[in-house]
Amino acid sequence: MARPFDVQSVESKWQARWLDDGSYEIENDDPRERFYALCMYPYPSGTAHQGHIRNYTFGDLVVRYQTMRGKAVLSPFGFDSFGLPAENAAIKAGSHPRLFTDARMKELKSSVRRLGAVYDWRREVFSHDPQYMKYSQTIFLALFKAGLAYRAEAPVNWCPGCATVLANEQVLTDGTCERSGDLVERKNLEQWFFKITDYADELLRDIDTLDWPERVKTMQRNWIGRSEGVEFDLPLANDPSKALRVFTTRPDTGYGVTYAVVAPEHPLLDQLTTEDERPSVTALVQRAKSASEVERTASSDSGAGLEKRGAFTGSFVLNPFTNEQVPVYVADYVLGTYGTGAIMAVPAEDERDYAFAMVHGLPVVRTVEPPEGFEGGAFSGDGPHINSGFLNGLQTKEAKTLASDYLATHARGIKKVNFRLRDWLVSRQRFWGCPIPIVYCDDCGIVPVPLDDLPVLAPDDVTMDKSGQSPLATHEGFRNVACPKCAKPARREADTMDTFTDSSWYFLRYADPFTPGQPFDAAQVAKWMPVDQYIGGIEHAILHLLYARFYLKALIDIGLAPGLPREPFRRLFTQGMIRLEGAKMSKSKGNLIAPEKYYETVGADGLRLFHLFVGPPADDVDWTEQTEDVIEGCGRFLDRLYRLTQYDEVNFHDQEDDSDFAVRQALHRTIVKVTDDIEGWRYNTSVAAMMELLNTVSKWARSEHGAQRAVLDEVLDVMLRLLAPMAPHITAELWEQRHPQGSSLHRQSWPEADPALVKHEMITMVVQVNGKVRARVEVSPDINEEQAELAALADEEIVKVLAGSKPQRLVVRPPRLVNIII
RNA sequence: GGGGGCGUAGCCCAAUUGGCAGAGGCAGGGCGCUUAAACCGCCUCCAGUGAGGGUUCGAGUCCCUCCGCCCCUACCA
């Protein structure tokens, strides 16, 4: 495509200038109103792909727009630079993950520069920076001292073939190792946890205060999974002094309990199991233990329909409502980690229990009358209680209350709130992560590394293949250390931290990476927080956002971040995915479309414009054969703008007239439209509005009658300002051509519309007869009902259509429409 | 199984939030420019809104039912 200007040289000129003049370096004491714009911390996977391009196009638009609105905008960048891909690549290449990672960071950095996105590079953060690691470790130790970090046993994915621990993403869907193909086992290890569950209530409650997409909020609520119920005792039939404790949200269905179930991990299982039943119970427990999650769920694609495996323990418990004996089963559909690890089973009102009862031939007793015509097994809805003694006739709500009271006096029942949310397992048996700064001493136990000795850095000469544990565990030089307390020989923790810890506080460090000796100065950070606009992918809707929210709350509570708001991200925007032939575009799928070729044709500006224009920013983008043409079209738009600013084929007249006035009106209406659309994340329609305006202006200026020069000048200057956040290079270049002595385009203020020009003096009102459009009348937008009615009835065409018949009814909606019903 | 989203022209998408279905772009067609083509400029064809029902003077928009596609989640008692 032949272009009227040299895209590459224009773009590189401005990219260099933005770097050199530090336009987007921002000081913490800037007196202007503040705005913190942030794109999610990227993993440096190499040069940018279209997903990055889209993300940073949106982010840069926000930065430039808010800057033109007179704000002091904080726009930082950095890298989530620890993680498995670098470690795997290093193992494969026999090199060090740092070399690999540094190279990928450099590539991504040059990609965002080539896109023309601007950042305050002095604030750059990357996870494997020893300075950053030092403070990641400082935070870990502070959480430990506050009792928010603790050690416990937890299962890991163990590959017997590789003799190593696998991350979840290294386990294929069939439960085998992605590298060796061996069946992955579960193995228990002592690991570190953060007590995020202490914050479950607050994390749930504060969701209501966030300006986030509704679906992200819903996902977080579901993930936290608060549920209210009752915990109570089921006494053992042969020894009522002992009891099985269970949790239920439906105490009202207690008369329908026909059996009980314990999880395979339940501590009482051994006692409950009789000798006759021991072989089948043991078999079930063995299978549940060795089988991966995948195998447990592989038998069906729907949760309720899963095959319900279980075994009778040989024991019975007493239903506290009926005093009848019911059998106790062990089954893997009951989780050891939720509630008490045991349940009362009510097949008539719970689908899972129903499915199990069907398989194992257990009785079903309805306690809630299903609605007329109800077909199917379990009915979990509301209805009058039956077969339920003192609860008969009650609706669920009252029955719940009475049943809870009954359990409180008869079965040591207490009201209980359970959360689905688990504590955050932060230990990773990996090399390329931030080491956990802990020492284990035979005499002193768990000893934190003194703050002065931070950061704990991994040694470079580590072999990263097939060790039994963490790669660091076999490095004697690293592992052996003097106990910080008693100086006797001790051993370092060999695990590293989950990389989600790095992305849980980087946005605080951005706000103040300058104060020496601490992660950040809270008073400095408070000037910027919370983040005004956070932009990223929907894939982080749950974990990253939840962990970051937890971190900030915890940091405040343990005194590391006094005075900060308790929620980090005030406003969140999640962009749509890019997909190629239906599949998500990603590096692992190998279906990326590299941006480089477009830099040569339409430039970064054209590509940015495409991403803004292609559809609503929140929607997915389908990359098809037509996409190339659409991108070309975006480039053509910029070409047309360029030519017009050269006054090619433009005619002029002297006195301003109606045609000039009409164009000025169009211009000012476009200012309103583009501004509103940008504020409302409707970039696609704001670009369309600019295209429409260019069409109008260009037709006007190239008509025989031509344009009045001052008006054309005004129009073009405003258009360049409106387009500046979208296509920053070419607009800056054209601005400089037009104002060689003035300051640069990106230092100009955002255009303001003149209300007098925005207002329509006349507007078309539709007149319908029986809902059919019969006439259009030009009216003032301020017209009232009476005037609208008069105008409608006075219209010639309407008089003709009515032909004297009397209107039954008039629907008058000034100034838009009058509907006459006859 | 649960939760959420989306179906408008050949394609990507708009539609003042219940008021004339079309702003913008892509593709197609025509004309002009050109020795010719590309580029460029101008003009133009194209749907009654996935299906059915309801509310309303009026429904793409609100409410039911169904169909199709996508995303998230998964036995949390």
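Letters go in sequence order (proteins before strands), and every chain restarts at 1. These numbers come from the heavy atoms of this one structure, side chains and all, not from hydrogens, waters or symmetry mates.
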Item to check | Syn or anti for B/U65 (syn when the glycosidic angle lies within 90° of 0) | outcome: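 It is anti.
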Next on the checklist: Give me syn or anti for B/G48, where syn covers glycosidic angles within 90 degrees of 0.
Outcome noted: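 What B/G48 shows is a syn base, its glycosidic angle lying within 90° of 0.
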Any strand is fair game: report the nucleotide pairing with [N] by Watson-Crick or G-U wobble, both distances under 3.5 Å, or none.
{"N": "B/A23", "value": "none"}
{"N": "B/G28", "value": "B/U44"}
{"N": "B/C75", "value": "none"}
{"N": "B/A51", "value": "B/U65"}
{"N": "B/U16", "value": "none"}
{"N": "B/A9", "value": "none"}

Within the 4.0 Å heavy-atom criterion, would you say [X] contacts the bases, only the backbone, or no part of the nucleic acid?
{"X": "A/Q626", "result": "base"}
{"X": "A/R669", "result": "nothing"}
{"X": "A/I343", "result": "base"}
{"X": "A/V811", "result": "base"}
{"X": "A/T764", "result": "base"}
{"X": "A/N418", "result": "nothing"}
{"X": "A/G339", "result": "nothing"}
{"X": "A/Q768", "result": "base"}

When the [atom1] atoms of [N] and [M] are considered, how many whole Å apart are they?
{"N": "B/U49", "M": "B/C13", "atom1": "C1'", "answer": "13 Å"}
{"N": "B/C45", "M": "B/A27", "atom1": "C1'", "answer": "12 Å"}
{"N": "B/G10", "M": "B/G53", "atom1": "C1'", "answer": "31 Å"}
{"N": "B/G58", "M": "B/G1", "atom1": "C1'", "answer": "41 Å"}
{"N": "B/G60", "M": "B/C43", "atom1": "C1'", "answer": "30 Å"}
{"N": "B/C69", "M": "B/C63", "atom1": "P", "answer": "24 Å"}
{"N": "B/C42", "M": "B/C33", "atom1": "C1'", "answer": "11 Å"}
{"N": "B/G24", "M": "B/A15", "atom1": "P", "answer": "14 Å"}

OP1 or OP2 of [N] under 4.0 Å from side-chain N/O of [X]:
{"X": "A/R636", "N": "B/C26", "answer": "yes"}
{"X": "A/N684", "N": "B/A23", "answer": "no"}
{"X": "A/T627", "N": "B/C12", "answer": "no"}
{"X": "A/R809", "N": "B/C57", "answer": "yes"}

Item to check | Passing option when A/V328 is tested against A/L268, A/L234, A/L269, A/T313 for side chain to side chain contact (heavy atoms under 4.5 Å, CB included) | outcome: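 Single pass found, and it is A/T313.
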In whole angstrom, give the distance that lies between atom [atom1] of [X] and atom [atom2] of [N].
{"X": "A/D622", "N": "B/G10", "atom1": "CG", "atom2": "C1'", "value": "16 Å"}
{"X": "A/E539", "N": "B/C70", "atom1": "CD", "atom2": "P", "value": "18 Å"}
{"X": "A/R816", "N": "B/A15", "atom1": "CZ", "atom2": "C1'", "value": "12 Å"}
{"X": "A/I821", "N": "B/G19", "atom1": "CD1", "atom2": "C1'", "value": "12 Å"}
{"X": "A/L284", "N": "B/C75", "atom1": "CG", "atom2": "P", "value": "16 Å"}
{"X": "A/R640", "N": "B/C39", "atom1": "CZ", "atom2": "C1'", "value": "14 Å"}

Proximal nucleotide (of [options]) relative to the [X] side chain:
{"X": "A/R579", "options": "B/C13, B/A74, B/C70", "result": "B/C70"}
{"X": "A/N819", "options": "B/C57, B/A14, B/U16", "result": "B/C57"}
{"X": "A/K699", "options": "B/C57, B/C42, B/U73", "result": "B/C42"}
{"X": "A/M577", "options": "B/A77, B/C71, B/G41", "result": "B/C71"}
{"X": "A/Y338", "options": "B/A77, B/G41, B/C13", "result": "B/A77"}
{"X": "A/M691", "options": "B/C75, B/G19, B/G24", "result": "B/G24"}
{"X": "A/R643", "options": "B/U73, B/C40, B/G24", "result": "B/C40"}
{"X": "A/A688", "options": "B/A23, B/A77, B/C70", "result": "B/A23"}
{"X": "A/E692", "options": "B/C13, B/C57, B/G24", "result": "B/G24"}
{"X": "A/R420", "options": "B/A74, B/G25, B/C75", "result": "B/A74"}

Hydrogens and angles aside, do [X] and [Y] bring a side-chain donor and acceptor to less than 3.5 Å of each other?
{"X": "A/D382", "Y": "A/T396", "result": "yes"}
{"X": "A/Q50", "Y": "A/H611", "result": "yes"}
{"X": "A/T337", "Y": "A/R422", "result": "yes"}
{"X": "A/Y354", "Y": "A/S380", "result": "no"}
{"X": "A/Y255", "Y": "A/N319", "result": "no"}
{"X": "A/N695", "Y": "A/R640", "result": "yes"}
{"X": "A/E778", "Y": "A/T764", "result": "yes"}
{"X": "A/Q575", "Y": "A/N55", "result": "yes"}
{"X": "A/T249", "Y": "A/E228", "result": "no"}

Item to check | Sugar-phosphate or base contact per nucleotide [nucleotides 59-65 of chain B; S, B, -; heavy atom under 4.0 Å] | outcome: -------
Checklist entry - What are the residues of residues 211-221 of chain A, sorted by number, that bring a heavy atom to within less than 4.0 Å of RNA chain B? => result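 Here the set is A/R215, A/T218, A/M219.
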Next on the checklist: Which is more 5' along RNA chain B, the nucleotide nearest A/D619 or the one nearest A/V773? Just name the residue.
Outcome noted: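 Per heavy-atom nearest nucleotide, the more 5' residue is A/D619.
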Checklist entry - If each of A/S698 and A/A689 is mapped to the nucleotide of RNA chain B with the nearest heavy atom, which maps nearer the 5' terminus, i.e. the 5' end? => result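 Looking at RNA chain B, the more 5' nearest nucleotide goes with A/A689.
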Checklist entry - Is the CD atom of A/E796 crowded by more than 12 outside heavy atoms at less than 6.0 Å? => result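 No - once you tally the heavy atoms of other residues, nucleotides and ligands closer than 6.0 Å, there are 12 at most.
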Checklist entry - How many angstroms lie between CG in A/L204 and CZ in A/F419, if you round to the nearest 0.5 Å? => result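 These two atoms lie 6.5 Å from each other.
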Checklist entry - Roughly how far, to the nearest 0.5 Å, is the CE atom of A/M726 from the CG atom of A/L638? => result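 Those atoms lie 11.0 Å apart.
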Checklist entry - Quick one: does A/S659's side chain get under 4.5 Å of A/H705's, heavy atoms only? => result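 Counting from C-beta outward, A/S659 and A/H705 do come under 4.5 Å.
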Checklist entry - Is there a donor N/O on one and an acceptor N/O on the other, under 3.5 Å, for the side chain of A/D629 and the base of B/C26? => result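 No pair found.
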